Each structure stands twice: as structure tokens, then as C-alpha cells.
Amino acid sequence: MLAKTFFNRHPGTWKMLIVAMCMALLGCLQAQEPQGHVSIILLGATGDLAKKYLWQGLFQLYLDEAGKGHSFSFHGAALTAPKQGQELMAKALESLSCPKDMAPSHCAERKDQFLQLSQYRQLKTTEDYQALSKDIEGQIQHRGLREAGRIFYFSVPPFAYADIARNINSSCRPGPGAWLRVVLEKPFGHDYLSAQQLATELRSFFQEEEMYRVDHYLGKQAVAQILPFRDQNRKVLDSLWNRHHVERVEIVVKERVDAAGRTSFYEEYGVIRDILQNHLTEILTLVAMELPHNVSNVEAVLQHKLQVFQALRGLQKGSAVVGQYQTYSEQVRRELQKPDSFHSLTPTFAGILVHIDNLRWEGVPFILMSGKALDERVGYVRILFKNRAYCIQSEKHWVTAQSQCLPRQIVFHIGHGDLGSPAMLVSRNLFRPSLPPESWMEMEDQPELRLFGRPLSDYYAYSPVRERDAYSILLSHIFHCRKDSFITTENLLASWVFWTPVLDSLAREVPRLYPGGAENGHLLDFEFSGGQLSFSQQQLEQLLPGPGSAPVPSDFQVLRAKYRDSPLISAWPEELISKLADDIEATAVRAVRRFGKFHLALSGGSSPVALFQQLAMGHYGFPWAHTHLWLVDERCVPLSDPESNFQGLQAHLLQHIRVPYYNIHPMPVHLHQRLCAEEDQGTQIYASEISALVTNSSFDLVLLGMGTDGHTASLFPQSPAGLDGEQPVVLTKSPSRPHLRMSLSLPLINRAKKVAVLVMGRVKREITLLVSRVGHEPKKWPISGVLPSSGQLVWYMDYEAFLG
Ligand code: BG6
């Protein structure tokens, strides 16, 4: 929902993307010109990432590209003073290695050349940046070269970004005709707002096409193979890659290591921000996106990725399970000097259930999982297909390549695990895949090895001809201007729009503690049902003292009492919603049995969302085919607007159930291309529709809410319309935006056979108390005018609304 809002509010996104892509293309064309000199400045040249991957990646780039027309210089930079920095950098460069097939003498020679081209410099002040730029220009002039461009690799913490960016922009841009590329490492913010702030800041220094945000998983060979694989096997996959055939998708990164030594980072981010929001989400988009006709078309790939975000169903707290390895809090206390009483709530393990609401993926669970201190290090994407066959012969007669009864799966094996390398696996009973033979070769069988429940021989299995590190692949893509392997600003923000609400809702959740490694046993196993994830094992004892042991819904009975002389049902939110959903279904079943149909009028807003979801996911016996759905009120916005009540109904209920379309009755707020114009007589049209279809205009059930000002439906204290009189449907004015509304009137509501009022949350406490004491005063509190003339009124209030 939030993701949709984002795109609807940013219609210029596509245009910006196209302009950015064109400019990037121009930069790339320039990059291909011969004889250009490229300066690569590695900021944070003595840090961990640089030591582990970046220098090696730069060396590989040099090996691959020098001699093809470009000349290079490499500038390692950091805040450290020159002499000490030089020494540290020299250490980092000691361990450079050449590809296995390179002769040692040749390797030594190339290494030597590379070291000669690599200099350390301190970059601290604006003058340092100016001096760097001058030196680059001087060198180029001196050697009679032309400048092709400069790459600045930010391998520094994000708090340093703004200063560096400002200095580059003001003092280190190359001259006209040469390009600038800045490479940024995550974290790109902490949530949607901070990511947006950082993006805005960076945009004030750099053009979109100049920025390369790295997600190193996009450089992993098996991940980079997802789109080409889908493309090269398009013919077979076209019919298989959808909800009719895919049982589930698992996207997994398990780690053995824990967070020791980096808790100052980890404590702020946790596993969801560290791995799921970026690496696993990127992979998800590659698996789920519609395949562009031409997968080399960068712009099309990026657009299709963005469309996946639009279709993601919003995550609830119940879409996640979180855990924390037992020694984590102690590590945090030690490393961050916290008091003994400190207990962290940061998850180091998370399983998330994602649903994609589009025609291709509706109903297919995408499971995203990652954790530290688990039993093994492995990463994979597994697409498990449905098995509809029934095999007559006993299993011993099944032939691997033919039996439809064996599991059918495609695995993009990212690395590690029992296989120990990246690989592509396709079950032999599925199809023989086509892979580029120059980069992927068939693996030899390893008879002992079982993967995902089957021996390796059950799969067509391929491994890379030459294993390459993700960073060396990405550096090559940066050099060749392949922007599809990087995160655009739109992509980044769309991802945060998706993740921020669930991160917020998990912020106070106490994670399940796990011992770590093989001892975890089945403690972290989880399962899903009805759109929710939960741990499979009940936890007997929670070792981590949470912030007070909050009562859980099952600790309480549903409370029955009276409110304004009508029955009141009160419970914790989950139980309340479940009771209301049961009551609605029972009413529906009775109505259909007696009259053949059920007329239900629903309110919008946030309170009924959980109810809609409950009805959509957990009520298979509901007689939807005989149910007519009406709106109690509507905002005067187009029906497709995220603010529209109908849109909420569509997102949380309609798209998941099977109601005949002619039984759905949105309010006609948008007629003749205008909104709620009196002359269009929308209110009369709706009233006629009701009177034509609903006997005596008496709904079987009307669901209402109660606002903090005592309003109900769209009948407000300040707006007299609809409180009495003859008009069944009225236009009204709300004090909050969008002001203009359409609503059923009180007299029409009071004709209903049953009216249910749902009131939830502490914010409603005051009005609940007030309304309990007032008489019939609809002008002041429209809710007090709800009194069905011959029907029944029932109040459904959660404990917070009722008891505070
Ligand atoms: C990084 C995370 O992005 O990815 C680390 O910050 C994690 O916490 C790492 O360990 C995993 O990457 P790889 O390449 O080792 O699988």
C-alpha cells in the first residue's frame, strides 16, 4: 500500500529514470573512446573492505582492461597521515593475487606495474582534494593523455559521505568531456526518511547517473545469472514461472559468523537492515520481475524491478519471526560499554513472508531468511515447483530424469554450503537448461552430496568456468557503465517504503534467543499459514527479560457487557477482530440461507483493515458469491486513489476473494470526470441502486467506526447533512482532508438489520468514555444517533479503546 502511494505520488519517476539512463549512456559512450586516462580514487583505502576485496578488485580491473586503450592511475586515500597511510596501504596490497591460469612471472610483472600506478594520499581538507585534482590533471598533461574519467569509491562510513561528496563536487570534478562516477557502499539510510535525506543530500552534489550504489550480492555470479538464465530459458520458463506452477520461493543467506567486533554497526541495523532490505530484496526483484524483451536494456530492467515494489503486499508484524543469538547482548555490553542491565532487542535472525499481489505471483509465498551464528554459511535462491503428479510405480522404480513425482526445483546457489561454490541447479525432471558454455560448465557428480533433499545427480548442475569475486565483477560493471547492477535512488526508496513499517512494528519485539550453531536445533524453524509466519516450536521459557511481560490475547476472555444499552464485546485486538469476523460470517450465512443474498455495507479507514484481512485469509466458508458489498462512506477522490475507501477495500479484501463484480457497489464519487459535483447526482444514483437491490433499503449488516470527534460514517459534528431527513445518501464535509465526502445518512443506517461499530486503539479512549455518557445528540456526536429502528446494534471495542 505504502509502495503504491509512493509511486502514485511520484509520477515523474519514470521520466527521471529515462533521462538519467540517457545521460548515463552518453557517459558510457565517451568511456569507450580510446586513449582515455581513468583515475580511480579509493576512499578508505586502508579499511577492511578495501583490504579484503576492493584492492583485489581494482587489480583485476587493471588486468582485464589495461592494454585495451585506457591508461589508469589508482589513488588510495584516507584520513591517516601520509607516511603511516602509505605503510598501511602497502600492507593491504601485499596479498594481491592473479588468476590461477596466469604464469607466476607474468603475474609478478603485472603486480609490479599495478603497484607503481597506486599511490597513497591523505584526503582530509578541501585543499587536499584540490591538490589531488591538480595532480591528476598535471600527470595527464605531462603524459600527453586525454582524461576519460574519475571513479571515486566511497569505502567509508556514511556519516563521512556529505563532506567527501561536497569536496569532490567543488574541487575534484574532471574537466569537460570526462565523466565522474562515485561508488557508494551501504548502509544507505536506516529507514525511509533517513534514506530520503541522504539521497537528497547526495543529489545536491551528484547527478543520478554519476552515482553507483553497490549491493555486492548483485555481483555474485549466481545472482547475476538470474536474469540471463530466465532469458535464455524463456521458452520453457514462460509457462512455469508463475503462481500456477511455483509452490514457493526461498531466498536465504545463512552465516556462521556472529556480529562480534562490529556491534557498533550491527546494534543500529540488525539483520533486516543489514541483509534483507538490500541483498535479499534485490534478489527477490530479479526473481519476481516481469522479464523485459531485452534483458540487456538497462532502463527496462530497472523499470521492471520498480514494478515489483509496487506489487508487494505490505508486511505486518505477523509476517516476521525474529531471533537473537544468546551471546549477542553480552558482546554489545562489552564492545559498547553498556551497563550490565542492558539487553538488546536487535534481531540477528529473521524470517519474513512476502507476498506479491500480481497475476503472476498471487498466493506464492516468498520466504526471505537470514541470520548470524547459524549452523552453516550458505546462500541460495530456491524455486520449488508444485507437484501434481501421482506415480503408480513404487519409488524404487522412479527414474530421476522422468519421474514427475520427485521434487522439481531450480536453485541459484550463491555460494558456500556443502557445494562450496556458486552453482546453478535444475532438477532433471524439469528441463535441461541452457547456459552460456563460456561461463558455466557442467559439474561432475559427487555421489555423497545431497542438496535440498536430493542427490546431486538428480540435477543438471553447473558451476562457473572461472569463479570471480563479486567486487571485481561490480568494478568492471562500473567501469563499463552497466547501471543495472546497482541501486538507483528510486529503487532504494521503494525498498525502504516496503521495509520501514515492519521495522517500526518490530522495534519493540523481543527476539527469540538461540544458542548459536548446530545447537539451535529446531528452535528457529518457522511455518506459515494464512499470511502469517510463526515459529514452529512453542518457546517454553524466554531467557531474555523483555520490557515487562505484556499480557497476550489468549490470557483474556472476550468480555461481554453493555455500552449505551446495546451489547458490547471487548477483547484484545486480535481476538476482537476474529470475533467480529466470525459474527459477520455467521450473519452472512444466515442471510444467504433465508434470502439468497447478503447485503454488507463497509466503512473505510484504518480500523477495519485487520478485519478485511481476517475475512480475506481465514474465512473460506464465507458466502462471497452471494454477498453484495456496499460502501458506508467515501472520500471524494478517484477510486484508484490510495486515499479512497474503496481502494483500501480492494487492497485488503476484494483482491483476495471471489465476489462477482456485479455485486460490488462502490460509491459514485467520480462521475463525468469530476468529483462529487452536486449536478452529477451521485448521491441519488447510489440511493436508487440501494433501493433497487436491497429490500426496503435495509442492509443486512452495516459496519461503522467512531472518530475521536464522535463522527461515524462520513457524518461529522460540524456538518448537518445526513443526520436526519429523507435523503438516504448525502454529500458532507470532513474537517480533515480530503474534505468532501459521500456518506450513507443516519436514517438509512438505522434501517439496517444489524449495525456493528468497531472501535480500536487508545486514541479512542476519551471519546468512548464521553459517548458512553451522552444521550441522543447526533448534531454534537453523530455516533450517538446510531440506533437501528428495528435492527440490532453491537459495539466491538478493544481493551485499549474501552478500558484505556
Ligand atoms: C554484508 C553484511 O552486506 O554482507 C554482513 O553487512 C554480511 O553482515 C555480509 O556478513 C555477507 O556477505 P557475503 O558476501 O560474505 O555473503
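The model shown is predicted, which means the values in this text are computed figures rather than measured ones. Note that ligands are numbered from 1 as they come in the structure, with each ligand's atoms numbered from 1 the same way.
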In terms of ring plane angle, is the pair [X] and [Y] parallel, tilted or perpendicular, where the classes change at 30° and 60°?
| X | Y | value |
| --- | --- | --- |
| F114 | W55 | perpendicular |
| F349 | F526 | tilted |
| Y269 | H190 | perpendicular |

*Taking the six-membered ring where the residue is Trp, are the ring centres of Y161 and F154 under 6.0 Å apart?*
yes
*Consider ligand 1: state whether an atom of it lies below 4.0 angstrom from any non-hydrogen atom of R262.*
yes
Proximal atoms of ligand 1 relative to [X] (non-hydrogen, under 4.0 Å):
| X | answer |
| --- | --- |
| K372 | 5 (C), 7 (C), 8 (O), 10 (O) |
| K186 | 1 (C), 2 (C), 3 (O), 6 (O) |
| K220 | 13 (P), 14 (O), 16 (O) |
| H216 | 1 (C), 3 (O), 4 (O), 12 (O), 13 (P), 14 (O) |
| D274 | 2 (C), 5 (C), 6 (O), 8 (O) |
| H279 | 1 (C), 3 (O), 4 (O) |

*asked:* Restricting to side-chain hydrogen bond (donor to acceptor under 3.5 Å, both in side chains), what partner residues turn up for R110, sequence neighbours left out?
replied: Q113
*With a distance cut-off below 6.0 Å to the six-membered ring centre and an angular limit of 45° from the axis, does R512 pair with F535 as a cation-pi contact?*
yes
*Identify the two heavy atoms, one from S319 and one from L533, that lie closest to each other, and give their separation to 0.1 Å.*
O-CD1, 3.6 Å
_ligand 1 contact on H416 by region, counting heavy-atom pairs under 4.0 Å_ = neither
*Heavy-atom distances under 4.0 Å are what count here, so tell me which part of Y217 touches ligand 1: side chain, backbone, both or neither.*
side chain
